[in-house]
Colleague: 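If you scroll down you'll find the structure; I have some questions about it.
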2 protein chains.
Amino acid sequence: MVTTSIKEVARHAGVSVGTVSNVLNRPELVAEPTRQRVVASIDALGFVRNESARALRAGRSRTVGLVVLDVANPFFTDIARGAEDVADANDMVVTLCNSAEDLGRETRHLAHLEEQRVRGVLITPVDTGSTRLDQLVHRGIPLVLVDRGSPQADRCSVAVDDVLGGRLAVEHLVATGHQRIAFVGGPMSIPQVSDRLAGASGAVEGTPTDLLTIETSSLSVQGGRDAGEQLARLAVGRRPTGVFCANDLVALGLLQEMTRGGIQVPADVAIVGYDDIEYAAAAAVPLSSVRQPREQLGRAAAELLFDEINGSADHRHQHLVFEPDLVVRDSSRLPARATKR
Amino acid sequence: MVTTSIKEVARHAGVSVGTVSNVLNRPELVAEPTRQRVVASIDALGFVRNESARALRAGRSRTVGLVVLDVANPFFTDIARGAEDVADANDMVVTLCNSAEDLGRETRHLAHLEEQRVRGVLITPVDTGSTRLDQLVHRGIPLVLVDRGSPQADRCSVAVDDVLGGRLAVEHLVATGHQRIAFVGGPMSIPQVSDRLAGASGAVEGTPTDLLTIETSSLSVQGGRDAGEQLARLAVGRRPTGVFCANDLVALGLLQEMTRGGIQVPADVAIVGYDDIEYAAAAAVPLSSVRQPREQLGRAAAELLFDEINGSADHRHQHLVFEPDLVVRDSSRLPARATKR
DNA sequence: TCATCCTACTGAAACGTTTCATGAATGAAG
DNA sequence: CTTCATTCATGAAACGTTTCAGTAGGATGA
């Protein structure tokens, strides 16, 4: 691997290394003819800046880390996109790290980020109580919690209001006339699940609507299928006519099981999911779902981070909460009886 | 941000910086009591290695870049997982970059990787003819092409045999008795699509089977729906009874349109997709699909890369081609007429 | 006893930048 | 003609490591 250094560029252009550096970083300090000569030499030699040397001298890098639970999940991909946008605008680079919900991997990534002297970290931690994060904060590395972990005084956080999301979904079911509604999701130990259930409960309060809870062992298609089987076994008169699922995978599994059992969606059972994943709209019956402002979440997180990085003096830690909204599709639409094609 | 350097550790432990460095990198050269003293100081001061300084001095970093077309695509996530495994074993780190099929983003990522002096790059390029890659190779940075770009003498590549994949799918349809088969996918300018079609053509050659081609404008659910509409309009006697789709999204769209039109899958039309995405098994009718050895692809790519990095002298560029296999599910299963539950 | 070899450690150079005090050249003002 | 700014460019120090030639002090062998 042949590498050209600033020194060789300097020699080639007949100037000092300081001048080359100035051309790169503060071109306004360099006379135009000189500048052009140096630029020409850079091109001729194929010079590429050595970021390590730069970072070493500067004492800080130009990267921030983004550690997510699952890179394959569109939720995090969209967050990453938002964060990258903001980083770009600040002449920074985002290093994307996938913890895959594995504490060991998360720890290794954080260690490597520290060794790289990243300017800050955006993270959805595997374990919200991890002391690894406190360590980072303690070392003075700005940190923003994304969609997990309770607000703490010494760091910023961004999140989406899951209680509101649950409420929106179930209010919609109530409004379209359902009197027996089920919440399907689990395990309840996941804060997102219990928050969404709390919202659902809130929505039926004061109405004559029944809310049945079916806890699944995981937020997966299989979990939805299992719950669907349970529902299908109920007598028609006791079966919920509206179901709110804690996420879209569960909803898809449920939908599949309903179809298999000859139960019509939405005529017999209306379904609302959560997350609005790409496949929600592409399901056998397009799925109503609660959509989170994912990209906005990433942007906001990055902005908080850069605010802390740049103006560390007067930075105030904040805890932003965003509002989700409901996307209504066929799976919960009132059957349009008198409509022709 | 407070940072402790090796110098302070040395002072704290009462040794020279060289000794601290040895404790870190070649502990066998250090007497045990000294080593323990230094380790204690490191812990006490919360020392974290400065990777920039290390890389600068060493003249090379410990990272390789992996540039993918879409981080959200499980195909690439699995490749990443495979590559990371291999990197881990070599004490290297993978930097994951998402080009999102955007040439500008790809270029920026590559530039940044170069500035970081990565040891090598694994890439599925946006534009296979890009001179940016030649530049990298020319600068002596090892490069492995992943699943795109024709084999070149100056770099390794790994790929999956798409012709074989197409053949497997259609041979299966032929074997289960279908005499009118359709290939659905497009645009044909994508090599993967035309290769899969070529395999499909090969499979019907010499058989009395008809192969109809329906070109879609994109490999999306919508593309599948549009094709499905076309198929549904055909008279039953002329309609293909088996369909091979160029990917699973198309297959899902097609499946959805069939269901909507009252055409039974697989009784009236059998469907085979490609990629075996997570949702394939979770579709309304679980989808048969051609599965690619994704993680293995990532492993192989990384192994080729490290081979080139480590033994640059006697490294021979290779072009590996992996074989996909067919996963048969309900969507193409012969209806089991006499089977009870 | 001396020569030789080991072991454990030291001290300084080097990596490629950025930054800053310094200096040379030019032109303007008096 | 001197003085003073202003504009450009220079050269060296510094960043935190790793590496390598040295060296001190035993231990070993003759």
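Order of the sequence lines sets the chain letters (A, B, ...), proteins ahead of strands, with each chain counted from 1.
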Colleague: I79(B) vs V146(B), test: side-chain contact (heavy atoms from CB on, under 4.5 Å). Steps then yes/no.
Modeller: CA-CA 9 Å; I79(B) 286 178; V146(B) 179; 3.8 Å; yes
Colleague: Determine whether the aromatic ring centres of residues H319(B) and H317(B) are separated by less than 6.0 angstrom.
Modeller: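 No, too far apart.
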Colleague: Could you check R316(B) against D307(B) for salt bridge (charged side-chain N to carboxylate O under 4.0 Å, His left out), going step by step and ending with a plain yes or no?
Modeller: CA-CA 9 Å; R316(B) 299 251 58 111; D307(B) 183 62; over 6 Å; no
Colleague: Where do S157(B) and P151(B) come nearest, in terms of heavy atoms and distance?
Modeller: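 So the minimum-distance heavy-atom pair works out to OG-CA, 4.4 Å.
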Colleague: Under the criterion side-chain contact (heavy atoms from CB on, under 4.5 Å), I'd like the reasoning laid out for V71(A) against T77(A): C-alpha separation, chi angles, the key distance, then a yes or no.
Modeller: CA-CA 6 Å; V71(A) 268; T77(A) 323; over 6 Å; no
Colleague: So which one's nearest nucleotide on DNA chain C is more toward 5', R37(B) or T4(A)?
Modeller: R37(B)
Colleague: To the nearest 10 degrees, how far apart in direction are the end axes of the helix from dT1(C)-dA30(D) to dG30(C)-dC1(D), each fit to five base pairs?
Modeller: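 Here the helix ends are tilted 50° relative to one another.
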Colleague: Looking at E8(B) and R11(B), does any basic side-chain N land under 4.0 Å from a carboxylate oxygen?
Modeller: no
Colleague: Assess whether a salt bridge exists between R81(A) and E84(A), defined as any Lys/Arg side-chain N lying under 4.0 Å from an Asp/Glu carboxylate O.
Modeller: no
Colleague: Using a 4.0 Å cut-off to any heavy atom of chain A, which nucleotides of DNA chain C are the first and last in contact, reading 5' to 3'?
Modeller: dG16(C) to dT19(C)
Colleague: Counting only heavy atoms and a strict 4.0 angstrom limit, can you tell me which residues of residues 21-32 of chain B come near DNA chain C?
Modeller: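 Within residues 21-32 of chain B, the residues near DNA chain C are V30(B), A31(B).
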Colleague: Would you check, one step at a time, whether the test side chain to side chain donor-acceptor pair (under 3.5 Å) holds for Q152(A) with R155(A)?
Modeller: CA-CA 6 Å; Q152(A) 284 180 261; R155(A) 62 199 74 166; 3.2 Å; yes
Colleague: Within residues 54-63 of chain B, which residues have any heavy atom lying less than 4.0 Å from an atom of DNA chain C?
Modeller: L56(B), R57(B)
Colleague: Applying side chain to side chain contact (heavy atoms under 4.5 Å, CB included), can you list everything that pairs with S21(B), at least two apart in sequence or on another chain?
Modeller: I6(B), N25(B)
Colleague: Using a strict threshold of under 4.0 Å (side-chain N to carboxylate O), is an ion pair present between R54(B) and E51(B)?
Modeller: yes
Colleague: Between T124(A) (side chain) and V68(A) (backbone), is there a donor-acceptor pair under 3.5 Å?
Modeller: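 A pair under 3.5 Å: no.
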Colleague: Which pairs would a plain distance check flag for residues 109-116 of chain B, meaning a side-chain donor or acceptor within less than 3.5 Å of a matching protein atom at least two apart in sequence or in another chain?
Modeller:
from	atom 1	to	atom 2	distance (Å)
H109(B)	NE2	N98(B)	O	3.3
E114(B)	OE1	R139(B)	NH1	3.0
E114(B)	OE2	R139(B)	NH1	2.5

Colleague: On a heavy-atom basis, which atom in L69(A) and which in S99(A) lie closest, and how many Å separate them?
Modeller: CA-OG, 3.6 Å
Colleague: Counting any heavy atom closer than 4.0 Å, what does S5(A) reach on the DNA or RNA strands: base, sugar-phosphate only, or nothing?
Modeller: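 Sugar-phosphate only.
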